[in-house]
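All values below come from the heavy atoms of this structure, side chains included, with hydrogens, waters and symmetry mates left out. Naming convention: chains lettered A, B, ... in sequence-line order (proteins, then strands); numbering from 1 in each chain.
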Amino acid sequence: MNPFRQEALNVLSRHTGLDPEKIDAVLERPPKSELGDFAFPCFQLAKELKKAPPQIAEELAEKVAGELELLTEARALGPYLNLFVNREEFARSVLHAPNALADGFGNSSEGEGKVIAIDFSSPNIAKPFHVGHLRSTIIGSTLYRIFASLGYECVGINHLGDWGTQFGKMVCGLKHWGEEKDLEDLDALNALYVRYHEEEEKNPELADEARDWFRRQEEGDPEAIDLWKKIRETSLDYFKVIYERLSVRFDHYTGESFFNDKMDAVVDRAEELGLTSVSDGAVVIDLEPHGIDTPALLRKADGATLYMTRDLAAAGYRQKTYKFDQLLYVVGTAQSLHFRQLFKVLELMEESWAEDCSHVNFGLVQGMSSRKGNVIYLEELLDEARNRARDYMSANVDKRPELEDEEAVAEAVGIAAIFFSDLSKQRIKDYNFSWERAISFEGDTGPYLMNAHARIAGIIRKCGIEVDPEADVSLLQEPSAHNLVSLVSRYTEALREAARTYEPSILAAYLLDLARALHSSYKELRVKGEEEKLASARLLLFAVVKNILAGGMKILGIRPLEKM
RNA sequence: GCGCCAGUAGCUCAGCUGGAUAGAGCACCGGAUUUCUAAUCCGGUGGUCGGGGGUUCAAGUCCUCCCUGGCGCGCCA
């Protein structure tokens with residue numbers, strides 16, 4: 001805890017008789033920075049003391065006044081006692097931190113020794129990556145970076161949907177209407193898949209044929225396996241191009257197929273524990289006694305395994321292999337039931353770590369039709385974003401610096417807009433996709449953050465002096481400067497809260513606040529042409545803000561550019 | 001029908017474990033650039049926090065009922 005807050009707790013504890021822990025729980029931040037740095041609500045004391053809260057606040061203010069060191073003032077404001085930090089000391093403690101200008105300032109090591117495994121993105125092989133697949137990728141990769149910044153060892157897992165009856169359908173389609181070279185063409189494969197479904201409507205017997213292909217695949221039939229391998233390869237090559245463009249990386253591509261030989265053991269174990277029963281020929285686990293109406297299916301009547309079986313095998317494998325402290329499944333909320341079942345079954349199978357698994361769910365993205373009326377493919381969205389960014393840049397060309405690589409900037413701005421529009425909302429909310437919202441450059445957007453960063457870069461480049469890490473920051477007297485310092489000091493808290501709740505939007509909102517504070521103070525806190533010591537103090541403040549912005553933006557998947 | 005989730009300004013969203021006059025962005029209106037990026041800033045219009053009841057000194061936040069919307073509900077993933 002920072003020493004300023006600590007002093008507030010101590011002083012208040014002394015005069016109220018309450019434990020510092022108790023005060024810590026109620027001590028809040030005033031809604032506006034003019035109202036001070038800490039606020040102590042006096043309502044609860046009112047009962048015990050039988051006095052009105054404002055009177056208690058008044059009395060506390062008087063008692064506390066003589067005992068402040070790092071705090072400079074205690075002021076009663078209605079029922080609150082508000083405390084103000086000594087701004088000079090505060091600025092020094094924040095801006096003169098040894099690593100204030102270093103990479104990773106504000107990161108922490110609190111997660112050291114702990115492993116967080118994150119299952120995210122996990123697209124289905126042989127299907128194009130459309131905008132609906134994007135959320136898991138964006139949220140999952142961001143959580144990965146959030147936890148990593150807090151010192152956790154992260155394991156990013158792409159649990160590819162590379163096994164299942166959809167392959168039977170695909171192969172069935174290929175056999176009827178496709179040819180050899182289609183195996184290397186994802187568009188062709190997708191068309192075959194679509195065609196299969198159309199034909200199946202007319203001719204339901206195709207479903208049996210498809211099921212049979214998948215069964216052969218599960219039995220290791222050489223032809224079925226060979227076809228599957230080629231399809232998988234083609235899809236994976238395509239996914240990797242996309243991940244590259246999004247700067248998303250995985251530690252493991254252990255898809256569903258990886259667990260083929262590990263599933264019998266899971267079913268056997270469930271049977272040994274007496275959890276299973278046979279219902280209409282299928283092996284199921286009844287979960288009704290545990291408050292879940294729908295049973296978990298481990299084996300179909302034809303003996304084939306299911307999603308649940310593979311997820312059970314995968315969870316066990318992950319625990320054994322990565323020894324995770326937490327396992328996060330970044331998967332849409334539509335699959336909530338599946339994960340409730342999964343976690344309950346793990347518990348019934350006496351896996352002590354079942355409680356370490358969480359479904360990090362997110363809302364549905366709706367209305368993702370392109371202008372042509374089809375689903376929007378991710379490339380289409382990324383290209384459109386880049387094009388709009390480029391148009392924006394050329395329309396405002398006189399206001400911007402010369403860029404070495406216009407295309408790269410346009411691409412970065414486009415991706416920032418897309419990532420941020422997703423990350424700035426709470427995960428749980430559904431939303432209707434709209435081009436305008438997904439690709440917007442003004443206001444609360446990714447490019448707004450980038451702009452704040454680039455503006456500071458401009459100051460550093462042009463102000464004529466060098467950043468001095470030891471600048472006399474006691475000269476930073478303006479409220480707007482103090483506000484910035486205060487925000488900087490809260491970065492780690494934002495990271496921590498985002499991690500605790502698996503909610504990247506908390507970091508996004510924080511960065512927006514910081515960027516807004518920067519933009520608002522920009523005119524007031526001039527550097528260039530000011531008296532040297534003052535200029536130097538402001539420059540250091542901006543440099544540290546830039547450092548925090550850059551770190552936070554990278555976590556959100558946004559490139560902090562020096563010029564844009 | 002049952003279950004889970006959501007409902008805050010015209011639109012998109014914030015609102016920490018209940019606490020100060022419910023805040024941003026977009027849109028709209030009016031201003032700001034000889035000076036470090038106007039992808040910006042400053043000001044204005046705009047709110048029965050879905051509805052009723054309850055708990056509390058205090059409810060957008062907790063409980064309950066209802067309304068609306070989304071998703072899910074055994075051999076798909």
Side-chain angles (χ1 to χ4, degrees), chain A residues 25-26 28-32 35 39 41 43-44 46-47 52-53 77-80 82 122 124 161 163-166 169 256 279-284 291-302 304 306-308 310-311 331-338 340 361 363-364 366 389 392-393 395-396 399-401 413 417 421 424-426 428-432 434 436-437 440-445 447-452 454-464 493 497 501 505-506 508-509 512-513 516 518-530 535 539 542 563-564:
Chain A
V26 298
E28 49 192 277
R29 194 167 49 242
K32 287 177 182 167
L35 296 175
F43 306 99
Q44 288 176 12
K47 263 188 224 165
L77 285 163
Y80 292 87
N82 288 11
S122 307
N124 284 324
W163 199 257
T165 40
Q166 82 267 24
K169 294 175 182 177
E256 300 186 334
S279 168
D280 296 330
V283 178
V284 306
I292 301 174
D293 293 339
T294 314
L297 269 77
L298 300 193
R299 228 184 252 292
K300 299 199 266 190
D302 67 3
L306 289 138
Y307 187 37
M308 179 62 69
R310 287 189 282 278
D311 263 3
V331 180
T333 200
Q335 291 186 46
S336 289
L337 176 60
H338 169 74
R340 276 177 62 213
N361 59 341
L364 219 68
Q366 301 181 95
Y392 197 104
M393 288 159 67
N396 299 288
K399 295 171 187 159
R400 293 181 302 97
V413 169
S421 79
S424 58
K425 306 174 211 340
Q426 290 181 41
I428 194 86
K429 305 258 171 126
D430 291 347
Y431 70 86
N432 290 308
S434 115
E436 287 64 41
R437 257 177 270 138
S440 162
F441 304 138
E442 292 177 3
D444 288 354
T445 64
Y448 179 85
L449 300 182
M450 297 176 88
N451 184 228
R455 269 182 123 166
I456 302 177
I459 294 173
I460 293 174
R461 220 166 36 238
K462 297 178 185 173
C463 68
E493 193 185 309
E497 188 60 12
T501 56
S505 66
I506 288 171
L512 225 32
D513 280 345
R516 216 191 316 278
L518 179 278
H519 277 130
S520 303
S521 66
Y522 174 84
K523 280 201 172 122
E524 186 184 10
L525 305 179
R526 266 197 80 74
V527 176
K528 194 176 180 182
E530 297 294 316
L539 185 62
F542 284 144
K563 293 181 185 177
M564 66 183 281

Base, sugar-phosphate, or nothing: which does A:Met564 touch, judged by heavy atoms less than 4.0 Å apart?
base

When all nucleic acid strands are considered with a 4.0 Å heavy-atom cut-off, which category describes A:Leu297: base, sugar-phosphate, or nothing?
base

What nucleic acid atoms does A:Ala39 come within less than 4.0 Å of, heavy atoms only: base, sugar-phosphate, or nothing?
base

Could you tell me how far B:A32 sits from B:C71 if I compare only their C1' atoms? Round to whole Å.
48 Å

So if I take every side-chain heavy atom of A:Leu364 and compare against B:A77, B:C41, B:G70, which nucleotide ends up nearest?
B:G70

Counting only side-chain heavy atoms from C-beta out, which of B:C16, B:C75, B:C73 sits nearest to A:Leu337?
B:C73

Remember a base hit wins even if backbone is also touched, and classify A:Arg437 as base, sugar-phosphate or nothing at under 4.0 Å, heavy atoms.
sugar-phosphate

Tell me what A:Ala296 touches on the nucleic acid: a base, only sugar-phosphate, or nothing, going by heavy atoms under 4.0 Å.
nothing

Mind running side chain to side chain contact (heavy atoms under 4.5 Å, CB included) on A:Leu518 and A:Phe542 for me, showing each step along the way?
CA-CA 8 Å; A:Leu518 179 278; A:Phe542 284 144; 3.4 Å; yes

A:Asn361 CG to B:G72 P, straight-line distance once rounded to whole Å:
14 Å

Length of the CZ-C1' vector between A:Arg340 and B:C5, whole Å
12 Å

How many whole angstroms separate atom CD1 of A:Ile460 from atom P of B:U37?
11 Å

Does A:Lys300 place a side-chain N or O at less than 4.0 Å from the phosphate oxygens OP1/OP2 of B:C76?
yes

Are the ring of A:Tyr392 and the base ring of B:A39 both nearer than 5.5 Å at their centres and tilted by less than 30°?
yes

Tell me what A:Arg29 touches on the nucleic acid: a base, only sugar-phosphate, or nothing, going by heavy atoms under 4.0 Å.
nothing

Report the residues that fulfil side chain to side chain donor-acceptor pair (under 3.5 Å) with A:Asp444, sequence neighbours left out, ordered by chain and then residue number.
A:Arg516

The side chain of A:Thr294 is closest to which nucleotide in this list: B:C73, B:U35, B:C75?
B:C73

Whole-Å gap separating P (B:G10) and CD (A:Glu436)
21 Å

To the nearest Å, how far apart are A:Lys429 NZ and B:G7 P?
4 Å

So A:Ala334, base contact, sugar-phosphate only, or nothing? Heavy-atom distance under 4.0 Å.
sugar-phosphate

If we take the C1' atom in both B:G54 and B:A59, what is their distance in whole Å?
11 Å

What do you reckon, is CD of A:Gln335 surrounded by more than 12 foreign heavy atoms closer than 6.0 Å?
yes

Does the plane of the ring in A:Tyr392 sit parallel, tilted or perpendicular to the ring in A:Phe441? Use 30° and 60° as the thresholds.
perpendicular

Tell me whether the side-chain N/O atoms of A:Lys462 come closer than 4.0 Å to OP1 or OP2 in B:U35.
no

Spell out, as yes or no, whether a donor-acceptor pair under 3.5 Å connects the side chain of A:Thr445 to the backbone of A:Tyr448.
yes

Taking A:Met393's backbone N and O only, do any of them form a donor-acceptor pair with A:Arg400's side chain (distance below 3.5 Å, no angle check)?
yes

Just call it for A:Leu525: base, sugar-phosphate, or nothing, with non-hydrogen atoms closer than 4.0 Å on any strand.
base

For A:Glu256, report the nucleic acid contact type (base, sugar-phosphate, nothing); a contact means any heavy atom under 4.0 Å.
sugar-phosphate

Rounded C1' spacing from B:U8 to B:U40 in Å:
28 Å

Distance check, C1' atoms only: B:G50 and B:U68, in whole angstrom units.
7 Å

So do the side chains of A:Leu364 and A:Thr333 get within less than 4.5 Å of each other, counting heavy atoms only?
no

Using modelled atom types only, decide if a donor and an acceptor are shared between the side chain of A:Arg310 and the backbone of A:Gly161 within a distance under 3.5 Å.
no

Residue pair A:Met308, A:Leu298: steps toward the side chain to side chain contact (heavy atoms under 4.5 Å, CB included) verdict
CA-CA 6 Å; A:Met308 179 62 69; A:Leu298 300 193; 3.9 Å; yes

Determine: side-chain N/O of A:Tyr522 to OP1/OP2 of B:A32, distance under 4.0 Å, yes or no.
no

Can you identify which nucleotide, out of B:A20, B:A77, B:A39, has its nearest atom closest to the A:Leu77 side chain?
B:A20

Just to be sure I understand the rule, does A:Val26 reach a base, reach only the sugar-phosphate, or reach nothing, if contact means heavy atoms closer than 4.0 Å?
nothing

What is the distance, rounded to the nearest whole Å, between atom CG of A:Asp293 and atom P of B:C4?
10 Å

Looking at A:Gln426, I'd like to know whether one of its side-chain N or O atoms comes within less than 4.0 Å of OP1 or OP2 on B:G15.
yes

Atom CZ of A:Arg516 to atom C1' of B:C41: distance rounded to whole Å?
12 Å

What nucleic acid atoms does A:Ala509 come within less than 4.0 Å of, heavy atoms only: base, sugar-phosphate, or nothing?
nothing

Side chain of A:Glu497, heavy atoms from C-beta onward: which of B:G3, B:C13, B:C16 has the nearest atom to it?
B:C16

Find the runs of at least 3 consecutive base pairs, i with j, i+1 with j-1 and so on, that include RNA chain B, using Watson-Crick or G-U wobble geometry with both distances under 3.5 Å.
B:1-7 with B:67-73, B:10-13 with B:23-26, B:28-32 with B:40-44, B:50-54 with B:62-66

Does A:Arg461 make a side-chain N or O approach to OP1 or OP2 of B:C36 shorter than 4.0 Å?
no

Nearest-0.5 Å distance that lies between atom CD in A:Gln426 and atom CD1 in A:Ile428:
8.5 Å

For B:C42 versus B:C26, give the span between their P atoms, rounded off to a whole number of Å.
11 Å

Contact under 4.0 Å: A:Ser520 side-chain N or O vs B:C42 OP1/OP2
yes

Which nucleotide in the set B:A77, B:A39, B:C41 lies at the smallest distance from any side-chain heavy atom of A:Asn396?
B:A39

Would you indicate what A:Pro30 reaches in the nucleic acid, counting non-hydrogen atoms under 4.0 angstrom: base, sugar-phosphate, or nothing?
base

When you compare B:C2 with B:U61, how far apart are their P atoms, in angstrom units rounded to a whole number?
25 Å

Could you check whether the side chain of A:Asn82 and the base of B:A20 have a donor-acceptor pair of N or O atoms closer than 3.5 Å, going by distance alone?
yes

Provide the distance between the two C1' atoms, one in B:C76 and one in B:G72, to the nearest whole Å.
14 Å

From CZ of A:Arg455 over to P of B:A39, roughly how many Å is that when rounded to an integer?
8 Å

Just to be sure I understand the rule, does A:Pro295 reach a base, reach only the sugar-phosphate, or reach nothing, if contact means heavy atoms closer than 4.0 Å?
base

Roughly how far apart, to the nearest Å, are B:C16 and B:C62 at atom P?
10 Å

Options B:C76, B:A39, B:U40, nucleotide nearest the side-chain atoms of A:Tyr448:
B:U40

Determine the contact category for A:Gly458: base if any of its heavy atoms lies under 4.0 Å from a base atom, sugar-phosphate if only primed atoms, P, OP1 or OP2 are that close, otherwise nothing.
sugar-phosphate

Syn/anti state of B:G74 by chi, 90° boundary around 0
syn

Closest nucleotide among B:A24, B:U37, B:A77 to the A:Asp444 side chain:
B:A24

